[in-house]
Structures are given as structure tokens and as C-alpha cells.
Amino acid sequence: MRAKINEILSAVDWETWLYKSELATVPLDFSTDMSNEAVTLALEYISLGGQSSPVDKDTYHKFDSNLKTIFHSTLVENQSKITIAILTCIDKDFDVTADPNPEVKQRWLPAGLNVNYQDVFE
């Protein structure tokens with residue numbers, strides 16, 4: 001891990017990055033194993049089409065607020081593939097409609113409204 005970090009740092013043109021108004025010469029990657037799990041879980045729900053839940057669905061309960069946001073943002077980014085069946089399955093598994101987290105609500109409610117998921121209208 002340390003070798004990879006050193007490799008990335010040595011590839012940066014520090015003079016340009018610090019003293020010119022340009023983006024970093026090396027694309028920054030802020031993903032983590034857990035954020036990748038959040039994305040993967042959301043994509044699994046989409047691929048199953050609401051017919052069943054992913055085997056690893058319980059990882060959602062390990063997610064903090066930020067990871068739940070990544071999960072729900074992934075759903076929003078794939079809005080064209082979201083159906084009422086998918087949202088119903090996710091809501092059944094995690095009771096998202098009742099989640100008090102405003103970051104989750106900010107993504108969940110519009111996703112539900114877009115497909116006319118009646119539970120979010122209440």
C-alpha cells in the first residue's frame with residue numbers, strides 16, 4: 001500500500017499543481033473498499049430487478065451515513081433502470097422510507113417520486 005502511495009506521489013508535478021490553476025496531473029481516487037461495496041450492493045439490487053435481494057444485503061446495516069449516501073446516489077445515477085419493484089425490495093429490506101437521515105431522504109424520495117412509488121408520497 002505504501003509503495004502505491006509513493007508511486008502516486010512521485011508522479012505528481014507539484015510545481016504545476018501548486019502554482020498553476022490546473023487540475024492535478026494524476027486523477028485522484030477517493031474510493032475505498034466500503035464505498036465500492038455500497039456501489040456494488042446498489043447495482044446488485046438493480047440487476048436483480050426487484051425479484052429478490054442480494055445475498056450480501058446485510059452489509060447495508062454496516063454502512064455509516066456517507067456509505068448509505070453512496071448507495072442511494074448510485075441508485076439515482078441509474079434512475080433509468082429503477083423500477084417500483086426495486087424500490088419496494090430495498091424498502092422492505094431496509095425501511096428506507098422511514099429513515100430519518102436527511103442525506104438518505106434527499107436521494108430516496110426523488111427516486112421514488114420519479115417512478116411513482118406510492119410509499120414516498122406519504
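Here the structure is a predicted model, which is why all the values come from computation and not from measurement.
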Angle between ring planes, Phe71 versus Phe94, binned at 30° and 60°: parallel, tilted or perpendicular? perpendicular
Could you grab the distance from atom CD of Glu103 to atom OG of Ser73, nearest 0.5 Å is fine? 8.5 Å
Heavy-atom side-chain proximity of Trp108 to Leu87 below 4.5 angstrom: yes
Give, for atom NZ of Lys4 and atom CG of Leu9, the distance between the pair rounded to the nearest 0.5 Å. 11.5 Å
Extract all donor-acceptor atom pairs below 3.5 Å that involve side chains of residues 39-51 and protein atoms in other chains or at least two apart in sequence.
from, atom 1, to, atom 2, distance (Å)
Thr40, OG1, Asn36, O, 2.8
Tyr45, OH, Asp93, OD2, 2.5
Ser47, OG, Leu43, O, 3.4
Ser47, OG, Glu44, O, 2.9

Should Leu75 and Arg107 count as side-chain neighbours, where that means a heavy-atom distance under 4.5 Å? no
side-chain hydrogen bond (donor to acceptor under 3.5 Å, both in side chains) involving Asn66 - partner list, sequence neighbours excluded: none
Counterpart residues, side chain to side chain contact (heavy atoms under 4.5 Å, CB included), relative to Asn116 (two or more places apart): Gln118, Phe121
Which residues satisfy the side-chain hydrogen bond (donor to acceptor under 3.5 Å, both in side chains) test with Tyr117, sequence neighbours excluded? Asp91, Asp119
With sequence neighbours left out, write down each residue that passes side-chain hydrogen bond (donor to acceptor under 3.5 Å, both in side chains) with Ser65, or none if nothing qualifies. Asn101
If every non-hydrogen atom of Ala38 is compared with every non-hydrogen atom of Ile70, which pair is closest and at what distance? CB-CG2, 3.9 Å
Just to verify, what does Lys105 make a side chain to side chain contact (heavy atoms under 4.5 Å, CB included) with, not counting sequence neighbours? Leu109
Of all pairs that satisfy salt bridge (charged side-chain N to carboxylate O under 4.0 Å, His left out), the ones with a partner from residues 59-85, not counting sequence neighbours: none
Who passes side-chain hydrogen bond (donor to acceptor under 3.5 Å, both in side chains) against Thr32, sequence neighbours left out? Ser35
Residues in side chain to side chain contact (heavy atoms under 4.5 Å, CB included) contact with Asn114, at least two apart in sequence or another chain: Gln79
